[in-house]
Enquirer: 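Just passing along the structure, written as structure tokens.
Predicted model only: the values in this text are computed from it and were never measured. One-based numbering, in listed order, for ligands and for the atoms of each.
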Amino acid sequence: MKQARILVTGAAGQLGKVLTESLREKYGIHNVIATDINSLVEELPPYEYLDILNIERLKSLIDKYEINQIYHLAAILSASGERNPAFTWNINLNGLLGILNLVVEKKIERLFFPSTIAVFGNTTPRVNTAQDVPLLPETIYGMSKTSGELWCNYYHKKHGIDVRSIRYPGVIGWQSIPEGGTTDYAVEIYHAALKDKHYTCFLEKDTRLPMIYMPDVIRATIDLMAADKSDISLRYGYNLAAMSFTPEEIAASIKKHIPDFTIDYKPDFRQAIAASWTESIDDSQARKDWKWNPEYDLDSMTKDMLNNLSKTAINK
Ligand code: AKB
């Protein structure tokens, strides 16, 4: 393969910020172009403004920077998506279709498409959810990602594009703040624990969800994209697992470090979204194909989160 020349969409988001930094460490700052509709000029040069629906601009950026890989992170997440379904469908699905067509037209060598546990729904078995299961998502976000997976698979079969995808669990990290997701509580809780020693959770105490710590999810993404083509057996989202816990369990983990931390529960509309997802994931295909193996569990993540957050300005 040639020297990687990477374009990241949605680079100002929770995952985008950290992934862009990690890709720059691996491939060199000037080989990774950050793009987003939200401005972050000071933090992320080389940075370019990009509305994902503006195909002509996207095309000109691909030409300008001689891009040969795309990490297409730009999307509207589960909770925000419910506020404006038509807009969410347009950004999440039409945004992807524009990229898929350019991958074909510009002969882009590799595309990463993030999928999610939101593809699962009430007809999906909830425990140790297998790779190929009934998918009847309840949210517009889940609908757009399920369809997105199918489009990726179709473009691989029809046009031979090298597209790779992961069904992300809820992502937790200290470096950035998530926005508009249902799993966001698991980041907010650490900030609140350090600041107020109290958190009011928008999910019920026993809502178990699959989650992953930032260093693991970044490694998974970069490893999947660096894997040999011959090792990739799925061209739609790989199941990925690291840990599963409830709000009550994450609170207990925090209490080991902050004994007077307290939590109460005021579930809102996000409870129904969380309840439609699964509790735990069977990721044996990812482990087999590209040797995925998580490093962090709940307690080691809590220790690292609290340690890093207590040192950073983000929490002040
Ligand atoms: C969300 O909560 O919407 C996301 C996701 C699970 O994809 N974090």
Enquirer: For D162 and R235, what are the C-alpha separation, side-chain angles and deciding distance, and is it a salt bridge (charged side-chain N to carboxylate O under 4.0 Å, His left out)?
Expert: CA-CA 8 Å; D162 187 353; R235 297 303 180 157; 2.6 Å; yes
Enquirer: Can you list the ligand 1 atoms lying under 4.0 Å from a non-hydrogen atom of W277?
Expert: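 That gives atoms 1 (C), 2 (O), 3 (O), 6 (C) of ligand 1.
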Enquirer: Could you tell me whether the side chains of Y199 and E188 share a donor-acceptor contact shorter than 3.5 Å?
Expert: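 Indeed, the side chains of Y199 and E188 share at least one donor-acceptor pair under 3.5 Å.
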Enquirer: Test of understanding: given a 4.0 Å heavy-atom threshold, classify the contact between D184 and ligand 1 as side chain, backbone, both, or neither.
Expert: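 It is neither; nothing of D184 touches ligand 1.
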Enquirer: Between R208 and E249, does any NZ, NE, NH1 or NH2 come within less than 4.0 Å of an OD or OE carboxylate oxygen?
Expert: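 Looking at R208 together with E249, the answer is yes, because their closest N to O distance falls below 4.0 Å.
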Enquirer: Are any of the side-chain heavy atoms of Q69 and M225 separated by less than 4.5 Å?
Expert: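 Contact flag for Q69/M225 side chains = yes.
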Enquirer: Around atom 8 (N) of ligand 1, find the nearest protein heavy atom and jot down its residue, atom name and distance.
Expert: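 Going by distance alone, atom 8 (N) of ligand 1 is nearest to T183 OG1, 2.9 Å.
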Enquirer: Using a strict 4.0 Å cut-off to heavy atoms of T116, name the atoms of ligand 1 that fall inside it.
Expert: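 So the atoms of ligand 1 that pass are 5 (C), 6 (C), 7 (O).
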Enquirer: Please identify which atoms of ligand 1 are closer than 4.0 Å to at least one heavy atom of L77.
Expert: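 Selected atoms, number and element: 3 (O).
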Enquirer: Only heavy atoms of T182, strictly under 4.0 Å: list the atoms of ligand 1 that pass.
Expert: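 Going through ligand 1 atom by atom, the ones under 4.0 Å from T182 are 1 (C), 2 (O), 3 (O).
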Enquirer: Between E82 (side chain only) and I140 (backbone N and O only), is there a donor and an acceptor less than 3.5 Å apart?
Expert: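 Side chain of E82 to backbone of I140: a pair is present.
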Enquirer: For I117, counting its heavy atoms only, list the atoms of ligand 1 lying under 4.0 Å from any of them.
Expert: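 Answer, ordered by atom number: 6 (C).
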Enquirer: Under 4.0 Å from any heavy atom of G181, which atoms of ligand 1 are there?
Expert: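 Result: 1 (C), 2 (O), 3 (O).
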Enquirer: When you look at W151 and F113, which way does the ring-ring contact (aromatic ring centres under 6.0 Å, His included) test go after all the steps?
Expert: CA-CA 11 Å; W151 276 101; F113 171 66; over 10 Å; no
Enquirer: What protein heavy atom lies closest to atom 3 (O) of ligand 1? Include the residue and the distance to one decimal.
Expert: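 The protein heavy atom lying closest is S78 OG, 2.5 Å.
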Enquirer: Which word best sums up how the rings of Y71 and F112 line up, parallel for under 30°, tilted for 30 to 60°, or perpendicular for over 60°?
Expert: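 Tilted, since the angle between the ring planes falls between 30° and 60°.
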